[in-house]
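Below is one structure; the comments refer to it alone.
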Amino acid sequence: MPSDCLFCRIIAGELPSAQIYADDSVVAIRDISPQAPTHILLLSRKHIASVRDVAEEDHDLIGKICDVGTELATREGIADDGYRLVINVGRDGGQTVDHLHVHMLGGRHMAWPPG
Ligand code: 5GP
Ligand code: ZN
């Protein structure tokens, strides 16, 4: 685990977070700066810097993140009205933390195109 990675430190419990789900491969926390009434971050427990670094061996993990997102959307009460899953990639994509994560945003209408 990279000791300077914010999300690795959160996953390890070294830094506090509002954790709402955890299993052996996925951890979900509430975003510290929510951009919607529901704003959850689905984190891979494994340190992967970006979706660009996902390898074939990680494909099950990506599927698991999707499954957890589906379960949490139901739990959060946003499944039927809809929500948005976002992966920011690199500088122009708006990625600020280099640890694979999927944003789940819901509870309000999402505009398109995104800013
Ligand atoms: P990115 O910009 O890399 O796609 O997303 C990083 C997200 O992490 C941002 O939405 C930001 O608000 C969130 N974030 C940054 N620091 C923390 C933190 O210490 N705790 C939590 N829960 N979220 C954080
Ligand atoms: Zn990490």
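Ligands are counted one by one from 1 in listed order, and the atoms in each one are counted from 1 as well.
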Would you sort out whether L43 and I65 count as a side-chain contact (heavy atoms from CB on, under 4.5 Å), showing the intermediate values? CA-CA 8 Å; L43 315 176; I65 290 173; over 6 Å; no
Is it true that L15 lies under 4.0 Å from ligand 1, counting heavy atoms only? no
Within the structure provided, determine whether [X] and [Y] are in side-chain contact (heavy-atom separation under 4.5 Å).
X    : Y   : answer
V102 : L41 : no
D98  : L6  : no
L100 : V51 : yes
H99  : C8  : yes
Q19  : V27 : yes
L105 : T38 : no
V68  : Y21 : yes

Would you call D58-K46 a salt bridge at under 4.0 Å N-O? yes
Ion pair present between R9 and D4, side-chain N to carboxylate O less than 4.0 angstrom? no
Proximal ligand 1 atoms for [X], defined as those under 4.0 Å from one of its heavy atoms:
X    : value
I29  : 22 (N)
F7   : 8 (O)
H103 : 1 (P), 4 (O), 5 (O), 7 (C), 10 (O)

Check each heavy atom of L6 against ligand 1 and say whether those closer than 4.0 Å belong to the side chain, the backbone, both or neither. side chain
How does V86 reach ligand 1, by side chain, by backbone, by both or by neither, if only non-hydrogen atoms under 4.0 Å count? neither
For the 3.5 Å polar cut-off, considering only N or O atoms, please tell me whether [X] and ligand 1 meet it.
X   : result
H39 : no
L41 : no
G94 : yes

Check the angle between the aromatic planes of H103 and H39 and answer parallel, tilted or perpendicular using the 30° and 60° thresholds. tilted
Closest to the Zn ion (ligand 2), which N/O/S atom of H47 is it? ND1
Measuring from the Zn ion (ligand 2), name the closest N, O or S atom belonging to H99. ND1
What protein heavy atom lies closest to [atom]? Include the residue and the distance to one decimal.
atom                    : result
atom 2 (O) of ligand 1  : T96 OG1, 2.7 Å
atom 24 (C) of ligand 1 : I32 CG2, 3.4 Å
atom 5 (O) of ligand 1  : H101 NE2, 3.0 Å
atom 22 (N) of ligand 1 : R30 O, 2.9 Å

Angular separation of C8 SG and C5 SG about the Zn ion (ligand 2), given to 10°: 120°
Run down the list D31, V97, I40 and name the one with the heavy atom closest to atom 9 (C) of ligand 1. D31
